[in-house]
Amino acid sequence: MQMVEIIQKKRDGKELSTEELQYLVQGYAKGKIPDYQVSAWAMAVFFRGMSPQETADLTMEMVRSGEEVDLSSIRGIKVDKHSTGGVGDTTTLVLGPLVAAAGVPVAKLSGRGLGHTGGTIDKLESFAGFSTSLTTGEFVSQVNDLGVAVMGQTGDLTPADKQLYGLRDVTATVDSIPLIASSIMSKKIAAGADAIVLDVKTGKGAFMKEEEKAVELAQAMVAIGSRVGRQTVAVISDMEQPLGLAVGNALEVKEAIDTLKGQGPKDLTELCLTLGTHMVVLGGGADSPEEARRLLEEKISDGTALAKFRSFIEAQGGDGRAVENPDAYLPKAEHIVEVQADRSGTLATLEAGEIGLCAMQLGAGRETKDAPIDHAVGLVLRKKAGDHVKTGDVLAVLHANDPTKAQRVKERFLQAITITETPVEPPRLIRAFVT
Ligand code: URA
Ligand code: CA
């Protein structure tokens with residue numbers, strides 16, 4: 001086989017065989033095929049696309065390029081949830097204990113965040129003592145005993161994806177639906193998922209700004225799942241504005257606790273129930289979406305989900321008292337600064353990406369890979385898109401440890417929103433389903 005022939009075939013819009021994709025991916029991972037040939041192929045894919053079979057083959061070859069997490073000793077169907085990335089997205093913290101309380105195991109490999117705010121591990125490390133450095137053995141027994149565990153990623157999962165993503169980044173070939181879809185799905189499959197629930201975000205704060213593109217990406221991922229025997233469903237959800245009210249690590253933990261008590265923000269609660277319903281159905285915990293949703297609502301109202309959260313935090317060394325009393329036991333910022341509306345009208349937009357950057361500037365997110373973060377800082381919205389506001393109303397509360405930064409962020413926040421004279425409908429939270 002010759003790489004030049006593979007490039008030529010794709011350039012001319014033909015379909016590559018399973019063997020050709022295997023040759024390409026494994027050859028690239030082993031350093032036998034140079035970057036320039038893989039770049040040429042990626043650019044051909046960008047213009048010509050890939051068939052569903054090619055996309056599935058590429059995915060599985062990337063899975064095979066590295067280690068795979070073996071979750072077979074965990075009883076039951078392992079359902080993973082993946083979000084394409086949003087601002088203030090606290091769903092994983094809620095869904096872990098909630099879905100486990102409904103009887104479906106949650107075995108989650110997670111990472112730290114880059115940009116905006118922290119990742120799931122950063123948020124969980126708001127609990128004093130919490131650790132995600134579990135051995136695979138500890139991880140598996142905790143999921144079997146408790147129903148939920150979160151482990152930091154170790155091992156070399158999907159090295160070919162890492163390599164290819166790096167190359168795409170510098171060759172203007174990131175924005176290709178089949179390449180994005182296979183990249184995301186390969187990581188979930190290598191992490192041991194039997195079934196996958198995707199939360200594909202759309203809007204200004206999302207990777208896929210346009211709804212049609214988000215749907216297209218979701219369809220590509222669902223098609224991969226069905227070809228490789230991992231049932232996959234996708235929810236397309238709004239990321240014009242941040243999800244929920246809190247953006248920042250400990251602040252989002254508190255928001256997750258409120259949500260598990262049934263007192264969370266409406267949008268976060270609704271998205272968690274929607275994603276959780278799919279997780280429970282795919283995991284075999286209920287026969288219908290209606291039954292799954294009823295079960296989840298019951299686990300919230302009878303306190304089981306919250307109790308599960310506390311057991312989970314304590315099992316991984318965290319101070320569980322913070323679950324009962326977040327104000328006393330979670331990190332707290334020194335300065336509280338209110339941001340007030342400078343005019344009356346309707347809060348029309350709160351640009352999610354910019355608000356994420358406000359939280360990052362306060363110290364909640366990392367600018368570089370190994371930078372430290374401040375768990376206490378961030379912001380809590382008091383108003384969301386569509387709300388009527390009067391001059392002087394508090395729009396958001398900044399939690400800061402540096403008063404100079406807080407003043408700068410206050411100005412930045414006001415730039416990130418628009419207040420209009422005419423009423424505006426809030427963006428719809430759930431846009432579509434792809435199954
Ligand atoms: N996120 C990924 O993991 N892969 C892509 O290709 C794009 C976004
Ligand atoms: Ca939030």
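Atoms within a ligand are numbered from 1 in the order they appear, just like the ligands themselves.
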Ligand 1 atoms nearer than 4.0 angstrom to some heavy atom of F207 are 7 (C), 8 (C)
I184 heavy atoms within 4.0 Å reach ligand 1 at atoms 2 (C), 3 (O)
**Item:** Salt bridge flag under 4.0 Å for residues R321 and E324
**Value:** no
Presence of salt bridge, D199 and K201, under 4.0 angstrom
yes
Residue, atom and distance of the protein heavy atom nearest atom 8 (C) of ligand 1 read Y165 OH, 3.3 Å
Margin query: At a threshold of 3.0 Å, where the distance has to be below it, does the Ca ion (ligand 2) have an N, O or S atom of P265 nearby?
Written below: no
Shortest non-hydrogen pair, A102 vs V280, comes out as CB-CG2, 4.0 Å
In this structure, atom 3 (O) of ligand 1 is nearest to the protein heavy atom K187 NZ, 2.7 Å
Check: of M185, M208, R168, min heavy-atom distance to atom 6 (O) of ligand 1 comes from R168
Q) Ion pair present between D238 and R428, side-chain N to carboxylate O less than 4.0 angstrom? A) no
min-distance N/O/S atom, E255 vs the Ca ion (ligand 2), resolves to OE1
From the list T259, L243, T90, side-chain contact (heavy atoms from CB on, under 4.5 Å) with L271 holds only for L243
Practice task
Please find out if the Ca ion (ligand 2) and some N, O or S atom of A246 are separated by less than 3.0 Å.
Solution key: yes
Closest non-hydrogen atoms of A432 and V215, given as atom of the first, atom of the second and distance, are CB-CG2, 4.5 Å
In this structure, atom 2 (C) of ligand 1 is nearest to the protein heavy atom S183 OG, 3.5 Å
Under 3.0 Å from the Ca ion (ligand 2), is there an N/O/S atom belonging to V87? no
All heavy atoms of H375 vs all of N249, minimum pair found to be O-CB, 3.8 Å
